[in-house]
S.K.: 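Quick one: the structure is below, and I'll ask about it shortly.
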There are 2 protein chains.
Amino acid sequence: MTGTKSIDKALSVLKHVLWDEETRVEELAQQLDMPLATIYRHITALERGGLVWRENRNAFAPGVCLLRRFDTQGFNAFLSEQSRPIVEAFSKHMNLTVHLGVFEDDMVTYLVKCAVEGSGFFTRETAQLDAYCSGLGKVLLGSLSARELDNYFSSGTLPKITAATITDEAQLRKEVRAVAKRGYGMDVEEFEEGLFCVAVPITDRDQKVLAALSVSSREPEHVGANLKSVLKKLRTAAGDIQEALYSGTG
Amino acid sequence: MTGTKSIDKALSVLKHVLWDEETRVEELAQQLDMPLATIYRHITALERGGLVWRENRNAFAPGVCLLRRFDTQGFNAFLSEQSRPIVEAFSKHMNLTVHLGVFEDDMVTYLVKCAVEGSGFFTRETAQLDAYCSGLGKVLLGSLSARELDNYFSSGTLPKITAATITDEAQLRKEVRAVAKRGYGMDVEEFEEGLFCVAVPITDRDQKVLAALSVSSREPEHVGANLKSVLKKLRTAAGDIQEALYSGTG
DNA sequence: GGTGAATTCTCATAATATGGGAATTCAAAA
DNA sequence: TTTTGAATTCCCATATTATGAGAATTCACC
């Protein structure tokens, strides 16, 4: 009970803010008998931590971290809403098809897809696809704990989709570890002949992987000569998305 | 970003502890680069706030407040597990039937029931019963916000079960307000002829009502001459249950 | 009842949170 | 646009509070 006064206060702000549908900050200050400046300071800290999301002037909602942990549906909705404009702008800027996906039930769920004209992709938003055969999927697999990865491998098979698809568990494990280590995943015609893909993780501020972002292309130089430049832009976009998941800019 | 250093740290402890299935406190200290004493202090604060529940030496789980907000099922399970021994002891001590119930879908869900021999009650655990005609139900109704109460009244009728059942909305609203104000609810043959019942709220440490606890009896003195004494014991038991919902003592 | 690990306690001190009020930003209206 | 009142951030001297090493205690399992 000693040495935690400010924490106790911050937690009680958290509870009031999340447990009451609507909260005027000034009323809150009165209820909790704290000066306005203090309340605002605490709210800011909670936002920065991803515990609280500021809906608007006097409505608060659970932040990314709480959604991620306690409300998968809400998290997915929030993530696609926040990332969509960034993904769209990015796709337009690159003139390439861009996907954002999360790992769910041992599959990749595509939450956002921005396709460029012409290049027919059969992926659709909210579609679930296998993880082992795409760059995006491999990034997500790379974020799993040892236990989760074991579980993944124990519950499915790895059908060969193209000549390049990795179908050997040991080899895929190695690849996934490598992807996690180097921080990006690639897919060179493993999913479809003539299709190339680069993907990076989208993390929260604590480096926990929330989703992955990929560009797909039919031109090999995107995974070859231009890889470095593509990666840089992907990472910038991923960073922008991370930012968008927290209320402040902090 | 200023004036919240300790809060930031506490929040990061919270996240690590809840987002990782298993956490050795000492490892955590290393990961977060904080001294052991500090980590323990923060964990204690989080437990005290009802955000974290200490499963055992190195496993943590969401505390009451988080369960209540984000996981109704988990909350109910937790509540019945924690309260059952207390309810049982209380029932034995009083030699009366005791119920613990929560408000869910405009009904009362009975989570724990301890009946004394003989006095046949048809309530069963996990059964859902109407709220308007029992002392326990009225306590729970008394904890609703104006909006929730409006919603309750707009979605159901108030059938007359016994001669004493309150079936008029205005009258029930008045009764519910009174119950909330005086801190306990009674039911004098409103649910069953010859059955009397006294109920008090079980709250968390922030005075938010989580559930209600009632004793039922066929002897009118329990709601008459002995009311004061019954109430006192009920409140003690309710307090004990509150305690049991937080890891530490306090 | 013994043993090693986990947890709490202690307290002087450094570090940090505090808060009143001014300054600024915001959002809705004119 | 401009106005306007409210919401939010900023500022900074100071008191308050968090800190953390190590000792003391409790715990859980043998």
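Residue numbering restarts at 1 for every chain, and letters A, B, ... go by the order of the sequence lines.
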S.K.: Tell me which of B:A37 and B:R24 sits closer to the 5' end of DNA chain C, going by the nucleotide each one is nearest to.
M.R.: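 Here B:R24 is the residue nearer the 5' end.
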
S.K.: Is there a side chain to side chain contact (heavy atoms under 4.5 Å, CB included) between B:F90 and B:V215 once you walk through the steps?
M.R.: CA-CA 10 Å; B:F90 181 58; B:V215 298; 3.6 Å; yes

S.K.: Let me know the distance between CG of A:L32 and C1' of C:dT18, rounded to the nearest Å.
M.R.: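 The distance from CG of A:L32 to C1' of C:dT18 comes to 16 Å, rounded to the nearest Å.
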
S.K.: Centre of B:F70's six-membered ring, under 6.0 Å away, within 45 degrees of the axis: is that where NZ or CZ of A:R69 sits?
M.R.: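 Geometry flag: not set, cation outside 6.0 Å or 45°.
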
S.K.: Would you kindly compare A:R54 and B:R57 by the position of their nearest DNA chain D nucleotide and give the one closer to the 5′ end?
M.R.: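 Mapping each residue to its closest nucleotide by heavy atoms, the 5'-most match is A:R54.
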
S.K.: Could you measure the distance from the CE atom of B:M34 to the OH atom of B:Y40? Nearest 0.5 Å is fine.
M.R.: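 Those atoms lie 14.0 Å apart.
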
S.K.: Please determine which of A:V17, A:V13, A:L36 meets the side chain to side chain contact (heavy atoms under 4.5 Å, CB included) test together with A:V25.
M.R.: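 When A:V17, A:V13, A:L36 are each tested with A:V25, the side chain to side chain contact (heavy atoms under 4.5 Å, CB included) holds only for A:L36.
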
S.K.: Please name the pair of heavy atoms, one in B:R48 and one in B:R205, separated by the smallest distance, quoted to 0.1 Å.
M.R.: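 Nearest heavy atoms, B:R48 then B:R205: O-NH1, 2.9 Å.
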
S.K.: Grab the CD1-P distance between B:I43 and C:dC9 for me, whole Å please.
M.R.: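 Taking atom P of C:dC9 as the reference, CD1 of B:I43 is at 14 Å.
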
S.K.: Are any non-hydrogen side-chain atoms of B:R84 and B:L100 less than 4.5 angstrom apart?
M.R.: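 When only atoms from C-beta onward are counted, B:L100 and B:R84 do not touch, as no gap falls below 4.5 Å.
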
S.K.: In whole Å, I'd like the distance from the CE atom of A:M34 to the P atom of C:dT18.
M.R.: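 It works out to 8 Å between those atoms.
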
S.K.: Check each residue of residues 3-20 of chain B for a non-hydrogen atom within less than 4.0 Å of any atom in DNA chain C, then write out the ones that pass by number, or none.
M.R.: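 Hits under 4.0 Å, by residue number: B:G3, B:T4, B:K5, B:S6.
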
S.K.: Quick one: is C:dA17 close enough that its OP1 or OP2 comes under 4.0 Å of any side-chain N or O from A:H42?
M.R.: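 No, no such contact exists.
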
S.K.: Start with the C-alpha distance between A:D206 and B:K15, add both sets of side-chain angles, then the distance that settles salt bridge (Lys or Arg N to Asp or Glu O under 4.0 Å), and finish with yes or no.
M.R.: CA-CA 9 Å; A:D206 305 307; B:K15 285 186 275 180; 2.8 Å; yes

S.K.: Find which nucleotide of DNA chain D each of A:T2 and A:N56 is nearest to by heavy atoms, and output the residue with the more 5' nucleotide.
M.R.: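 Its nearest nucleotide being more 5', the pick is A:N56.
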
S.K.: Is it the case that the side chains of A:S155 and A:D106 hold a donor-acceptor pair, with the cut-off being a distance below 3.5 Å and no angle test?
M.R.: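 Per modelled atom types, A:D106 and A:S155 side chains form a pair under 3.5 Å.
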
S.K.: Any carboxylate oxygen within less than 4.0 angstrom of a Lys/Arg side-chain nitrogen, looking at A:E169 and A:R173?
M.R.: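 Yes, this pair counts.
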
S.K.: Using chain B heavy atoms and a threshold of under 4.0 Å, write down where along DNA chain D the contacts begin and end, 5' to 3'.
M.R.: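 Listed 5' to 3', the contact boundaries are D:dA18 to D:dA28.
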
S.K.: Kindly indicate whether the side chain of B:V87, heavy atoms from C-beta on, has any atom under 4.5 Å from the side chain of B:L213.
M.R.: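 In contact.
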
S.K.: Compare side-chain N and O positions of B:Y40 against OP1 and OP2 of C:dT8 and report whether any pair is under 4.0 Å apart.
M.R.: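 Answer is no, no contact under 4.0 Å.
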
S.K.: Between C:dA23 atom C1' and A:L36 atom CG, what is the distance in whole Å?
M.R.: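 From A:L36 CG to C:dA23 C1': 15 Å.
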
S.K.: Hey, does A:L144 have a side-chain heavy atom less than 4.5 Å from the side chain of A:N151?
M.R.: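 Counting from C-beta outward, A:N151 and A:L144 never come under 4.5 Å.
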
S.K.: Between N or O atoms, less than 3.5 Å apart, protein on one side and nucleotides 28-30 of chain C on the other: list the pairs.
M.R.:
none

S.K.: Under 4.0 Å between a side-chain N or O of A:R41 and OP1 or OP2 of C:dG19?
M.R.: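 For C:dG19, OP1/OP2 do not have a side-chain N/O of A:R41 under 4.0 Å.
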
S.K.: Please report the distance, rounded to the nearest Å, between CD in A:Q30 and P in C:dG19.
M.R.: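 Rounded to the whole Å, the gap is 15 Å.
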
